[in-house]
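In what follows, chains carry the letters A, B, and so on, assigned in the order in which the sequence lines appear, proteins first and then strands, with residues in each chain numbered from 1.
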Number of protein chains: 2
Amino acid sequence: MDTKERILKTALELYNSQGVNTITSRHIAAKMGISPGNLHYHFKHTDEIIKTLYDRLSADFDVIVASVEALEEVDLPMIRSFVITSLELGYKYRFIFLHFVEIGLRIPAVKKDYAALTQRREKEFLSIFEKLKASGVFRPDLPEEVLKAFVTQIFIVGDFWLSNNELTLKLKGSKAIAHYSDIFSSMFYPYLTPAAMQLAKGNE
Amino acid sequence: MDTKERILKTALELYNSQGVNTITSRHIAAKMGISPGNLHYHFKHTDEIIKTLYDRLSADFDVIVASVEALEEVDLPMIRSFVITSLELGYKYRFIFLHFVEIGLRIPAVKKDYAALTQRREKEFLSIFEKLKASGVFRPDLPEEVLKAFVTQIFIVGDFWLSNNELTLKLKGSKAIAHYSDIFSSMFYPYLTPAAMQLAKGNE
DNA sequence: TTAAATTTAGAACAAATGTACTAATTATTT
DNA sequence: AAATAATTAGTACATTTGTTCTAAATTTAA
C-alpha cells in the first residue's frame with residue numbers, strides 16, 4: 001500500500017477513535033512512523049485528508065442508494081437490508097457523523113456537497129415511498145407532507161444515530177448496528193398497512 | 001450585570017454564531033473589552049463557561065418537562081406547545097447541540113450528566129405516551145418496543161434538528177423553529193387514532 | 001550508469017492558546 | 001481613614017499546530 005493510502009487509513013482509525021479535533025497531522029504521521037514533512041508532501045493541507053474520506057463515504061453511499069432505486073418493487077426485507085448496509089457504512093466512517101457540523105464549518109466544500117446531496121436524496125426517498133405505497137406496504141392515507149417529514153426524520157436519525165450512541169449507550173461495532181437497525185425498523189412500523197405489519201412482526 | 005454574567009452572555013453569543021471550536025477565551029474577553037486575565041479570574045478554565053451554560057440549559061429543560069408531567073391529561077395541542085417551547089430553548093443554546101459530541105468529549109461531566117438524564121427522560125416520555133394512549137390520542141395497537149423506539153427517535157431529532165438545519169436549510173430563529181415544529185407534529189401523525197388524526201388535521 | 005524525478009526526514013517558523021503571575025486599581029469592611 | 005479583599009489589566013510562558021524549507025535518500029527513466 002502506498003503512503004497516501006496509508007495516511008488515509010491511519011487518519012480514519014485515529015479520527016474514529018479519538019475525534020477529529022484532538023487528532024492532528026503530527027499524530028497521524030507519528031502513528032505511521034513517518035515525518036510530518038512527508039505527510040504534508042502527500043496532503044498539503046490536513047483538511048484534504050478529511051475531504052478525501054468524506055468523498056469516499058459519499059461515493060460508497062451513492063452506490064447503496066442506486067442499488068435500491070434500480071429495483072422495480074421494494075419490500076420490507078429489502079428496506080431492512082438497505083438500512084443495515086447504510087449503518088455499516090456510517091459506522092466505518094463514524095468520525096464524520098460524530099463531527100458533522102465541525103467538519104462542515106472547517107471544510108465548506110463538505111457542507112455545500114451535503115446540502116446538494118440532501119435535496120437529491122429527498123426525491124429519491126419519496127419515490128421509494130411511493131413504490132411502497134403502490135405495493136401495499138405503506139398506508140395509503142398518509143398526506144404527502146407527513147411522508148416528507150418522515151424523510152427528514154430518516155435523514156436526521158441516519159446522520160446522528162452515531163452521535164446519540166456516543167452520548168448514551170456507547171455500543172461498539174455490530175452491537176451498535178444491531179440496536180439502531182431495530183430502531184429504524186420500528187420507525188417504519190406505524191407507517192405500514194395492517195397486512196405489512198403482520199409480515200413485519202413475523203420477520204423480527 | 002456583573003462580569004461573570006456578562007462573560008456567560010458573551011460566550012453564548014459567540015459560541016452560537018461562530019462555533020465552540022473557533023472561539024477561545026481570548027475572543028470572549030476581547031469582545032467584552034476585558035483582559036484575558038480578568039476572564040480567567042472568573043472562570044479558571046474555559047470549559048467551566050461551557051459547563052455552566054450546559055447546566056442552565058439542562059435546568060431550564062427540566063422545568064419544561066416537569067410542567068408537562070404534572071398534567072393529569074395530555075392532549076395534542078399541549079404536546080405541540082411543549083415541542084415549541086423545547087425548540088425555542090434548544091435554539092437559545094444551539095451551540096451545545098451543534099457541538100454535542102465535541103463538548104461531551106471535552107467535558108466528561110457533560111457526557112455523564114446527559115447519559116443519566118436520557119435514562120430518566122425515557123421513562124418520563126413513555127409515561128406521557130401511556131397517557132396519550134389512555135385518552136384515545138395514540139393508537140392502542142402499538143407494541144411497547146415501537147413506542148420505545150419512538151422515544152429514541154424523538155431524542156435524536158430533538159438533539160440534532162439544529163445540526164440538520166445547519167447542514168441543509170440554515171433557517172434562522174423563528175423560521176427554523178416553525179419548520180422543525182411542523183416536522184415534529186408530522187412525526188406524531190402516524191401514531192394517532194383516526195379520531196385524533198382528524199383533530200390534528202383541523203388544527204394545522 | 002547517469003540524470004532526473006519522487007519521496008522522505010527533520011528542523012524551523014509563526015501564530016494561537018490556555019492559563020499563570022504581578023501589580024495596580026477599585027470596592028468593602030472595620 | 002485605614003486595612004483588607006475583590007477585581008482588573010497586562011504581560012509572560014510553555015505547548016501545540018499547520019505548514020514550509022532544505023537536504024538527503026530512494027526510485028525511475030534514459
Using a cut-off of under 3.5 Å, enumerate the N/O to N/O pairs linking the protein to nucleotides 5-14 of chain D.
unit_1: D:dT7; atom_1: OP2; unit_2: B:Y41; atom_2: OH; d: 2.7
unit_1: D:dT8; atom_1: OP1; unit_2: B:T3; atom_2: OG1; d: 2.8
unit_1: D:dT8; atom_1: OP2; unit_2: B:T3; atom_2: OG1; d: 3.1
unit_1: D:dT8; atom_1: OP2; unit_2: B:N38; atom_2: OD1; d: 3.2
unit_1: D:dT8; atom_1: OP2; unit_2: B:H42; atom_2: NE2; d: 2.6
unit_1: D:dT8; atom_1: O5'; unit_2: B:N38; atom_2: ND2; d: 2.9
unit_1: D:dA9; atom_1: OP2; unit_2: B:S35; atom_2: N; d: 2.8
unit_1: D:dA9; atom_1: OP2; unit_2: B:S35; atom_2: OG; d: 3.3
unit_1: D:dA9; atom_1: OP2; unit_2: B:N38; atom_2: ND2; d: 3.2
unit_1: D:dA9; atom_1: N7; unit_2: B:S35; atom_2: OG; d: 3.1
unit_1: D:dA12; atom_1: N6; unit_2: B:R26; atom_2: NH2; d: 3.2

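Extent of DNA chain C lying under 4.0 Å from chain A heavy atoms, first and last nucleotide in 5' to 3' order, is C:dT6 to C:dA12.
Between B:F125 and B:F150, the ring center distance fails the sub-6.0 Å criterion.
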Item to check | salt bridge (charged side-chain N to carboxylate O under 4.0 Å, His left out) between B:D141 and B:R139, intermediate numbers included | outcome: CA-CA 6 Å; B:D141 64 320; B:R139 289 160 52 177; 3.1 Å; yes
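Listed by chain and number, the residues in a ring-ring contact (aromatic ring centres under 6.0 Å, His included) with B:F43 amount to none (sequence neighbours excluded). Residues passing the side-chain hydrogen bond (donor to acceptor under 3.5 Å, both in side chains) test with B:K111 are A:E166, sequence neighbours excluded. By the ring-ring contact (aromatic ring centres under 6.0 Å, His included) test, A:F97 pairs with A:F100, sequence neighbours left out.
Remark: A:K148 NZ is loosely packed, at most 12 non-hydrogen atoms of other residues, nucleotides or ligands lying under 6.0 Å away.
Using modelled atom types, one finds a donor on one side chain and an acceptor on the other under 3.5 Å when comparing A:D113 with A:Y54.
Rounded to an integer number of Å, the gap from A:D2 CG to D:dT27 C1' is 14 Å. Computed from coordinates, the A:K44 NZ to D:dT17 C1' distance equals 17 Å when rounded to whole Å. Distance, A:N21 CG to D:dG18 P: 10 Å, rounded to whole Å. Spacing between atom NE2 of A:H45 and atom C1' of D:dT17 amounts to 14 Å, rounded to whole angstrom units. The nearest whole Å value for the distance from the NE2 atom in A:H40 to the P atom in D:dT17 is 11 Å.
Nearest heavy-atom pair, B:S181 versus B:L87, reported as atom, atom and distance to 0.1 Å: N-CD1, 3.5 Å.
One finds the CE atom of A:M187 at 10.5 Å from the OG1 atom of B:T152 (value rounded to the nearest 0.5 Å).
Within the nucleic acid shown, A:T24 comes within 4.0 Å of sugar-phosphate atoms alone, with no base atom in reach, counting heavy atoms only.
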Next on the checklist: Wobble G-U and Watson-Crick pairs count when both distances are under 3.5 Å; given that, what is the 5' to 3' dot-bracket string of DNA chain C, with | for pairing to other strands?
Outcome noted: ||||||||||||||||||||||||||||||
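Contact of the B:F129 side chain with the B:V151 side chain is registered, since non-hydrogen atoms from C-beta on lie closer than 4.5 Å.
Under a 3.5 Å cut-off, the side chain of A:H27 and the backbone N or O of A:T22 do form a donor-acceptor pair.
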